[in-house]
A.B. asks: 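What follows is a structure written as C-alpha cells; I'll ask about it next.
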Amino acid sequence: MIKVFKMNDCDTVCAETEEQAKEFYKNECGFEDDEINEYFEGEVSLQDKVHISIDDLPDEEQWITTIEPLFHRGGETCVLRTFDWMIKQNNITNPCIIASTEY
C-alpha cells in the first residue's frame with residue numbers, strides 16, 4: 001500500500017515504507033542519509049490536500065471548477081485534491097515525488 005512521506009519543507013514522496021521513501025529520495029535528489037534524517041517530517045495523511053492546476057484535472061472534472069473554490073498560485077489556477085485522489089488518478093504504484101514546493 002502506497003503511503004505519503006514529507007521529506008522536508010519542499011518535497012513529499014510516495015512509497016510503501018519510510019525506508020523506501022528515504023532510499024528513493026536519496027537516489028533521486030542526491031542527499032546523504034544524515035541530511036534526509038535531519039529534515040524528514042514523517043508520514044502524512046492520504047486525506048491531506050495539495051494544490052492541483054486545473055489544467056492537470058481530467059476532462060471529466062474540468063466542469064467542477066465552476067463550483068469549487070479556486071486558488072491562484074505561481075500564475076496557475078488551482079483546486080485542492082487529496083493525496084489519495086492523486087495516487088488513484090495517476091495510478092501511482094512506485095516511489096515518486098508526489099508534491100514539491102519551490103521557494
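Since we're looking at a predicted model, the values are computed, not measured.
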A.B. asks: Looking at Glu32, I want to see if its CD is surrounded by more than 12 non-hydrogen atoms of other residues, nucleotides or ligands under 6.0 Å.
C.D. replies: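 Incorrect, the count does not exceed 12.
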A.B. asks: Between Leu57 and Val79, is any pair of side-chain heavy atoms under 4.5 Å apart?
C.D. replies: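 The answer is yes, as the side chains (C-beta and beyond) meet within the 4.5 Å cut-off.
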A.B. asks: If we only count heavy atoms from C-beta on, is the Ile98 to Val4 side-chain gap below 4.5 Å?
C.D. replies: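 Yes, their side chains come closer than 4.5 Å.
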A.B. asks: May I ask you to test the Glu18-Phe5 pair for a side-chain heavy-atom distance under 4.5 Å?
C.D. replies: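 Yes; the side chains approach each other to less than 4.5 Å.
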A.B. asks: Donor-acceptor pair, distance only, cut-off 3.5 Å: does the side chain of Asn8 make one with the backbone of Cys10?
C.D. replies: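 Confirmed, Asn8 side chain pairs with Cys10 backbone.
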A.B. asks: Are Met7 and Phe24 connected in the hydrophobic side-chain network, where two residues link if heavy atoms are under 4.5 Å apart?
C.D. replies: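 Linked within one cluster.
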A.B. asks: With heavy-atom distances below 4.5 Å as the criterion, would you say the side chains of Cys14 and Ile87 are in contact?
C.D. replies: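 Yes, close enough: below the 4.5 Å cut-off.
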A.B. asks: Kindly compute the distance separating CD (Glu43) from OG1 (Thr12), expressed to the nearest 0.5 Å.
C.D. replies: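 If we round to the nearest 0.5 Å, Glu43:CD and Thr12:OG1 are 12.5 Å apart.
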A.B. asks: Is atom NZ of Lys3 surrounded by more than 12 heavy atoms (other residues, nucleotides or ligands) closer than 6.0 Å?
C.D. replies: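 No.
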A.B. asks: Between Gln20 (side chain only) and Glu16 (backbone N and O only), is there a donor and an acceptor less than 3.5 Å apart?
C.D. replies: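 Here the side-chain-to-backbone pair exists.
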A.B. asks: Is it the case that Lys22 places NZ or CZ above or below the six-membered ring of Phe40, under 6.0 angstrom from the centre and within 45 degrees of the axis?
C.D. replies: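 Geometry flag: set, cation within 6.0 Å and 45°.
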A.B. asks: Are Ile2 and Met86 joined in one hydrophobic group, where the rule is that I, L, V, M, F, W and Y side chains link up if heavy atoms are under 4.5 Å apart?
C.D. replies: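 As far as the 4.5 Å side-chain criterion goes, Met86 and Ile2 are connected within one cluster.
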A.B. asks: Report whether Tyr39 and Ile97 are members of the same hydrophobic cluster (ILVMFWY, side-chain heavy atoms less than 4.5 Å apart, transitive linking).
C.D. replies: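 Result: no, two separate clusters.
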A.B. asks: Check the side chains of Asp11 and Tyr25 for a donor-acceptor pair under 3.5 angstrom, ignoring hydrogens and angles.
C.D. replies: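 Side chains of Tyr25 and Asp11: pair found under 3.5 Å.
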A.B. asks: Identify the heavy atoms of Gln47 and Thr82 that sit nearest to each other, and give their distance.
C.D. replies: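 In this case the closest contact between Gln47 and Thr82 is O-CG2, 3.5 Å.
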A.B. asks: Any side-chain heavy atom of Leu80 within less than 4.5 Å of one from Ile52?
C.D. replies: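 Not touching, per the 4.5 Å side-chain cut-off.
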A.B. asks: Please determine whether residues Val44 and Val50 belong to a single hydrophobic cluster, defined as Ile, Leu, Val, Met, Phe, Trp and Tyr linked transitively by side-chain heavy-atom distances below 4.5 Å.
C.D. replies: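 Yes, Val44 connects to Val50 through the hydrophobic network.
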A.B. asks: Contact between Lys26 and Phe31 at the side-chain level, heavy atoms closer than 4.5 Å - yes or no?
C.D. replies: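 Contact flag for Lys26/Phe31 side chains = no.
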A.B. asks: Please tell me if the side chains of Pro58 and Gln89 come closer than 4.5 Å, counting only heavy atoms from C-beta onward.
C.D. replies: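 Yes; the side chains approach each other to less than 4.5 Å.
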A.B. asks: Please report the interatomic distance CG(Asp48) to CZ(Phe83), rounded to the nearest 0.5 Å.
C.D. replies: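 Asp48 atom CG to Phe83 atom CZ measures 6.0 Å (nearest 0.5 Å).
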